[in-house]
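Below is one structure, written out as structure tokens, with a few remarks after it.
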Amino acid sequence: MTEYRYDPTEIEPRWQAIWANERTWEVSNTPDDRESSYVLEMLPYPSGEPHIGHLKVYSVGDAVAHYHRRIGRRVLHPMGYDAFGLPAENHAIKTGQAPAVSTAAAIASFQEQFRRWGISIDWSREFATCEPEYYRWTQWIFVQLFNAGLAYKQSATVNWDPVEETVLANEQVVDGRGERSGALVEARQLEQWFFRITDYADRLLDDLDTITWPEHVKTMQRNWIGRSRGAQVTFRCEALDIDFPVFTTRPDTLFGATVFVLAPEHPELERLIAGTGHEAEVHAYVNHALTEGNDVRGAADKPKTGVFTGRRVTNPVNGEELPVYVADYVLMEYGTGAIMAVPAHDARDFAFAQAYDLPIRRVIADPEDPEGDLPYAGDGVLVNSSPEFDGLPNREALDRILDWLAADDRGHASVNYRLRDWLISRQRYWGCPIPIVNCEQCGMVPVPADQLPVILPEVEDYKPRGRSPLAAVEEWVATTCPTCGGPARRETDTMDTFVDSSWYFLRYCDAGNTEAAWSPEALAQWMPVDQYIGGVEHAILHLMYARFFTKALADLGLLPEGVQEPFGNLFTQGMITKDGAKMSKSRGNVVSPAAIVERAGADTARAYILFIGPPDQDADWSDEGVDGVHRFLSRLWRLSAQAADAASGSGAPDASQPLSVSAADLELVRKAHWAIDKVTGDMDPARFAFNTAISAVMELINDCSRAHESGTADPAALRFALATASSLLFPFAPHVSSDAYDRLTGRRVWEEPWPVADPAMLARDVYELVCQVNGKVRDRVEVAADAPREYLEALARGSENVQRFLDGHEVVKVIVVPGKLVNFVVR
RNA sequence: GCGGGCGUGGUGGAAUUGGUAGACACGCCGGCCUUAGGAGCCGGUGGCCGAAAGGCCUUGGGGGUUCAAGUCCCUCCGCCCGCACCA
């Protein structure tokens with residue numbers, strides 16, 4: 001018995017050594033007759049050692065990569081590290097250890113784990129984004145964007161994270177708090193670097209229809225971009241000669257505007273209130289509004305407050321003079337920072353009008369209920385507007401009013417977005433330096449390509465002090481202008497790490513290129529990524545930034561023709577929890593992949609994580625479940641080893657060419673073909689049902705086990721079934737599958753084509769016919785597959801138990817579904 | 001509030017096109033083997049009634065469509081995720 005003990009500690013390193021020595025998973029950029037396939041998991045941020053989420057994402061990705069290879073594709077499956085970032089830098093502040101040192105240690109730990117897991121990676125293309133050989137090209141791309149006007153520096157109200165001491169992009173602020181630090185962000189007026197992602201809002205939105213992504217991810221991106229179609233209409237303050245454009249999605253309600261409201265931050269506010277006698281009151285209100293945190297001010301259920309400015313503006317549709325208020329429910333960052341308030345048809349304006357006793361005028365009547373409660377936000381017919389428009393359906397009136405306004409320049413159709421430009425500068429050390437120098441003579445000058453990279457200098461003090469630590473490195477900051485040669489100073493901010501990861505998938509295609517970021521030929525081989533896999537937490541951040549980069553680079557002519565999207569298919573995997581909760585050190589419920597691999601082996605860990613449930617769903621880790629999968633792999637290996645040894649010396653017939661005679665042997669071979677069919681279907685990208693694929697192999701192994709125990713099974717049939725099981729399991733548990741397959745056949749399973757089910761073996765000549773009376777199952781009888789309908793009905797009617805339920809009743813209808821069932825409907 | 005998803009045994013889950021609910025696994029119970037162990041093998045396991053044959057009930061609650069509903073429709077409840085004073 002001990003002779004056949006499954007020992008992953010012996011098996012796994014042995015096969016890993018073969019793959020490493022032979023560089024089995026490396027792939028060249030030279031095309032051959034195979035279809036190419038680019039399978040990519042989101043690159044890891046190297047910190048400490050890999051956690052259970054990494055084990056899951058790479059187990060899924062590796063299964064896909066192996067399957068693609070086995071069905072005859074040439075597969076690119078690379079690995080790299082998103083190595084710039086705050087955790088390493090914060091670690092440096094705490095311990096003094098340089099980020100480069102701690103990051104290198106983490107990368108080494110990740111590399112070792114990935115090798116122990118047996119992930120099929122093309123290591124020849126590996127890189128870390130913090131290496132000058134990589135960030136040289138990050139800087140080069142920045143310069144291309146700068147030259148194209150897509151990168152710009154501007155003073156703006158930005159999110160300042162007081163804990164991390166840096167500004168953040170809008171995408172990195174969640175519920176008013178810094179995504180990483182959890183600190184309430186503060187609004188600050190600062191000069192910062194932006195990427196003009198808003199130029200791409202329409203394409204980012206519309207091209208979602210061209211990619212195969214989970215619907216909820218597309219929905220999140222649509223919400224984030226937040227396109228609203230409407231109109232810009234100009235209200236005028238005649239007294240001061242100031243125009244106030246407003247954005248509205250409802251120009252059909254213009255005649256219902258009874259108030260005009262400005263955001264507290266509105267730039268024209270001071271001019272507006274000067275000399276009105278309301279200055280003190282307005283100042284008090286604005287000061288209060290501006291000191292309130294975003295989370296307090298942004299609360300939707302907060303009572304409406306505001307204050308009258310003492311001024312009026314003219315409604316362009318009817319010349320009415322509307323009182324101008326300041327209210328904090330109007331946001332400066334959306335639209336124009338000013339609104340026309342239509343209390344009758346907007347819940348917020350209604351609440352405001354009620355609070356300050358302002359007029360409310362119905363201009364849309366619900367045809368079902370013309371005198372119904374206000375506010376009414378639905379469609380209807382225009383009333384109380386103007387003879388020209390009254391009586392029209394509001395959607396039609398909307399277009400007519402718009403044309404009428406546009407005719408004499410009082411307004412025009414307009415589109416508004418929630419999306420803001422991407423703020424990419426950070427006042428932190430451990431990131432890619434922005435390759436710009438500021439020259440007194442020439443202004444902002446991008447560093448020429450032949451002077452890149454701008455190397456990140458080493459520093460003594462990593463602590464940010466409201467500015468980048470780089471600003472303290474005087475000998476680095478002081479430089480000469482690339483254009484005029486005069487004295488100049490470097491930009492001291494670094495880039496958001498999301499910039500690094502917005503193009504890494506391009507670099508893998510040509511990772512060794514020292515002359516360019518990539519060659520167009522290399523990209524043409526692989527892009528776009530066929531299957532991208534990662535966590536849904538990047539639904540907006542990374543996944544939208546990468547799409548923006550791809551489109552911008554395509555517009556610059558830097559990508560192959562037709563590449564507009566980076567990731568054709570996206571799969572988002574669910575989280576692994578423990579005891580129903582997210583794993584965390586503070587909860588003490590962390591399952592370490594290294595420990596589980598140590599204890600049970602990589603194959604068990606990988607197969608378990610795929611068997612636990614559908615990979616897109618969250619799943620709870622169970623040590624008992626791991627044991628179950630380990631037992632299954634043990635049985636597969638033991639049966640294979642025994643079957644192989646029994647065959648050695650007996651001429652070893654080819655296990656893939658079974659010659660079986662008995663009915664039981666035929667059933668086993670049929671089961672193997674059934675498993676081929678089942679697993680193949682489960683591997684389809686529309687399903688990714690690895691859990692049921694593995695359970696199908698379990699069923700096959702259970703049958704093999706019974707055949708083995710019976711002692712009468714044909715050895716060739718058994719070896720065929722076992723070799724098939726190993727072959728099918730290879731994408732999920734590569735080491736044990738390789739070992740078992742090698743013992744059974746003497747061949748390397750990864751070099752074998754994916755098995756194909758024989759239709760003749762799938763077709764059954766008999767099946768179990770379900771006999772129902774009034775939809776309830778009363779019997780099951782075996783019947784020939786080709787039996788005609790009349791025979792099926794007669795057979796079912798002949799069943800004793802069916803008879804019991806037919807007796808004394810009138811059969812009013814008989815449903816016969818060949819291959820399935822017969823149903824008698826009785827009264 | 002808006003948008004999306006989910007709800008099946010003691011547990012994770014399966015049921016791909018409306019056609020046998022509970023595959024596979026965990027756990028539990030019983031047995032075999034081994035004088036030990038987180039080893040191996042066999043059998044049982046949704047609930048209720050029954051010695052058995054078999055019957056009744058069962059996919060969050062209620063209603064509907066259908067010969068037939070976990071699956072489709074309506075409605076209510078609960079949970080999760082995203083967005084949210086976005087004009």
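Since the model is a prediction, treat every value here as computed from it, not as a measurement.
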Review point. Nearest to the side chain of H216(A) - rC56(B), rA87(B), rG4(B)?
Key: rG4(B)

Review point. Of the nucleotides rC83(B), rG55(B), rA14(B), which has the atom closest to the R418(A) side chain?
Key: rC83(B)

Revision key, fill the gap. Rounded to whole Å, CG of L633(A) lies from P of rG40(B) at a distance of 12 Å

Check your understanding: Between rA87(B) and S228(A), is there an OP1 or OP2 to side-chain N/O distance shorter than 4.0 Å?
Key -> yes

Check your understanding: Does a side-chain N or O from N801(A) land closer than 4.0 Å to OP1 or OP2 of rG55(B), or not?
Key -> yes

Point to revise | Nearest to side-chain heavy atoms of N702(A), which nucleotide of rC85(B), rA25(B), rG13(B) | key: rA25(B)

Exercise for review: Indicate, with a heavy-atom threshold strictly under 4.0 Å, whether F632(A) touches base, sugar-phosphate, or nothing.
Suggested key: nothing

Check your understanding: Considering only the P atoms, how many Å lie between rC74(B) and rA23(B), rounded to the nearest integer?
Key -> 32 Å

Review point. For rU65(B), which nucleotide is its Watson-Crick or G-U wobble mate, given both distances must be under 3.5 Å?
Key: none

Point to revise | Among rG4(B), rC42(B), rC24(B), the nucleotide that comes nearest once only the side chain of E699(A) is considered | key: rC24(B)

Point to revise | Complementary nucleotide of rC28(B), counting Watson-Crick and G-U pairs under 3.5 Å | key: rG44(B)

Practice item. Starting at atom CZ of R348(A), determine the distance to atom P of rC86(B), rounded to an integer number of angstrom. Key: 4 Å

Review point. C1' atom, rU65(B) versus rU11(B): distance in rounded Å?
Key: 35 Å

Review point. Residues in salt bridge (Lys or Arg N to Asp or Glu O under 4.0 Å) with D346(A), at least two apart?
Key: R348(A)

Practice item. Verify the contact: side-chain N or O of K578(A) to OP1 or OP2 of rG12(B), cut-off strictly under 4.0 Å; return yes or no. Key: no

Review point. Side-chain N or O of R635(A) less than 4.0 angstrom from OP1 or OP2 on rC41(B)?
Key: yes

Study note, to complete from the structure: Against the side chain of R687(A), the closest entry in rG13(B), rA87(B), rU16(B) is rU16(B)

Review point. Rounded to the Å, how far apart are Y767(A) OH and rG19(B) P?
Key: 16 Å

Check your understanding: Where do R670(A) and E667(A) land on the salt bridge (Lys or Arg N to Asp or Glu O under 4.0 Å) test, with the steps shown first?
Key -> CA-CA 5 Å; R670(A) 279 186 187 282; E667(A) 280 309 301; 3.7 Å; yes

Review point. Looking only at side-chain N and O atoms, does R778(A) come under 4.0 Å of OP1 or OP2 in rG55(B)?
Key: yes

Check your understanding: Any donor-acceptor pair under 3.5 Å joining the side chain of K678(A) to the base of rU16(B)?
Key -> yes

Check your understanding: Say you pick atom P in rG60(B) and the same atom in rA14(B); how far apart are they, in whole Å?
Key -> 14 Å

Exercise for review: Assess K304(A) against F352(A): is NZ or CZ under 6.0 Å from the centre of the six-membered ring, and within 45 degrees of the ring's axis?
Suggested key: no

Revision key, fill the gap. With the side chain defined as heavy atoms from C-beta on, N223(A) is closest, among rC83(B), rC86(B), rU16(B), to rC83(B)

Review point. When you compare rU66(B) with rA84(B), how far apart are their C1' atoms, in angstrom units rounded to a whole number?
Key: 42 Å

**Study point:** Whole-Å C1' distance, rA87(B) and rG18(B)
**Key:** 46 Å

Point to revise | Closest non-hydrogen atom pair, P264(A) against V330(A) | key: CD-O, 3.8 Å

Point to revise | Complementary nucleotide for rG50(B) - Watson-Crick or wobble, under 3.5 Å | key: none

Check your understanding: Closest to the I612(A) side chain: rA21(B), rC42(B), rG12(B)?
Key -> rG12(B)

**Study point:** Short side-chain N/O contact from R631(A) to OP1 or OP2 of rC26(B), under 4.0 Å
**Key:** yes

**Study point:** Nearest-nucleotide comparison on RNA chain B, the residue closer to the 5′ end among A338(A) and I694(A)
**Key:** I694(A)

Point to revise | Integer angstrom distance from the C1' of rC29(B) to that of rC67(B) | key: 41 Å

Sort me out a list of protein N/O and nucleotides 65-71 of chain B N/O pairs below 3.5 Å, or just none if empty.
residue	atom	partner	partner atom	Å
rC67(B)	OP1	K813(A)	NZ	3.3
rC67(B)	O2'	N823(A)	ND2	3.2
rC67(B)	O2	N823(A)	ND2	2.9

Practice item. Can you label the angle between the Y6(A) ring and the H630(A) ring as parallel, tilted or perpendicular, going by 30° and 60°? Key: tilted

Revision key, fill the gap. Syn within 90° of 0, anti beyond: rG9(B) is syn

Review point. Contact class for F805(A) vs. all strands (heavy atom < 4.0 Å): base, sugar-phosphate, or nothing?
Key: sugar-phosphate

Point to revise | Parallel, tilted or perpendicular: rings of Y334(A) and F247(A) (30°, 60°) | key: perpendicular

**Study point:** N702(A) and R635(A) side chains, donor-acceptor separation under 3.5 Å
**Key:** yes

Exercise for review: Grab the CG-C1' distance between L262(A) and rA87(B) for me, whole Å please.
Suggested key: 13 Å

Check your understanding: Which part of the nucleic acid does V629(A) contact within heavy-atom distance under 4.0 Å: base, sugar-phosphate only, or nothing?
Key -> nothing

Check your understanding: Taking any strand in view, what nucleotide pairs with rC33(B) in a Watson-Crick or G-U wobble way, both distances under 3.5 Å?
Key -> none

Point to revise | Aromatic ring pairing F244(A)/H266(A), orientation class (parallel under 30°, perpendicular over 60°, tilted between) | key: tilted

Check your understanding: Looking at R638(A), does any N or O in its side chain come under 4.0 Å of the phosphate oxygens OP1/OP2 on rC41(B)?
Key -> yes

Exercise for review: Report which part of the nucleic acid K218(A) touches: base, sugar-phosphate, or nothing (heavy-atom distance under 4.0 Å, all strands).
Suggested key: nothing

Review point. Heavy atoms, side chains only, cut-off 4.5 Å: are F611(A) and M698(A) in contact?
Key: yes

Point to revise | Among rA87(B), rG38(B), rA23(B), the one nearest D627(A) by side-chain distance | key: rG38(B)

Study note, to complete from the structure: For rG78(B), the nucleotide meeting Watson-Crick or G-U wobble distances (both under 3.5 Å) is rC6(B)

Study note, to complete from the structure: By the Watson-Crick or G-U definition, both distances under 3.5 Å, rC83(B) is matched with rG1(B)

Study note, to complete from the structure: Pairing partner of rG70(B), by Watson-Crick or G-U wobble and under 3.5 Å for both distances, is none

Check your understanding: Ion pair present between K582(A) and D618(A), side-chain N to carboxylate O less than 4.0 angstrom?
Key -> no

**Study point:** Separation between the C1' atoms of rG13(B) and rA21(B), rounded to whole Å
**Key:** 13 Å

Check your understanding: What's the CG-P distance between D616(A) and rG4(B), to the nearest Å?
Key -> 18 Å

Review point. So what does D684(A) touch, heavy atoms closer than 4.0 Å: a base, only the sugar-phosphate, or nothing?
Key: nothing

Review point. Taking the side chain of M698(A) as heavy atoms from C-beta outward, which of rG55(B), rA25(B), rC26(B) is closest to it?
Key: rA25(B)

Practice item. Please measure how far the P atom in rC28(B) lies from the corresponding atom in rC81(B), and state the result in whole Å. Key: 32 Å

Review point. How is G628(A) classified with respect to the nucleic acid when contacts are heavy atoms under 4.0 Å: base, sugar-phosphate, or nothing?
Key: sugar-phosphate

Review point. Looking at the side chain of T219(A), which of rC56(B), rC41(B), rG3(B) is the nearest nucleotide?
Key: rG3(B)

**Study point:** Minimal non-hydrogen separation, G178(A) against V185(A), with atom names
**Key:** N-CG1, 3.6 Å

Check your understanding: Does the distance from a Lys or Arg side-chain N to an Asp or Glu carboxylate O, for D252(A) and R395(A), drop under 4.0 Å?
Key -> no

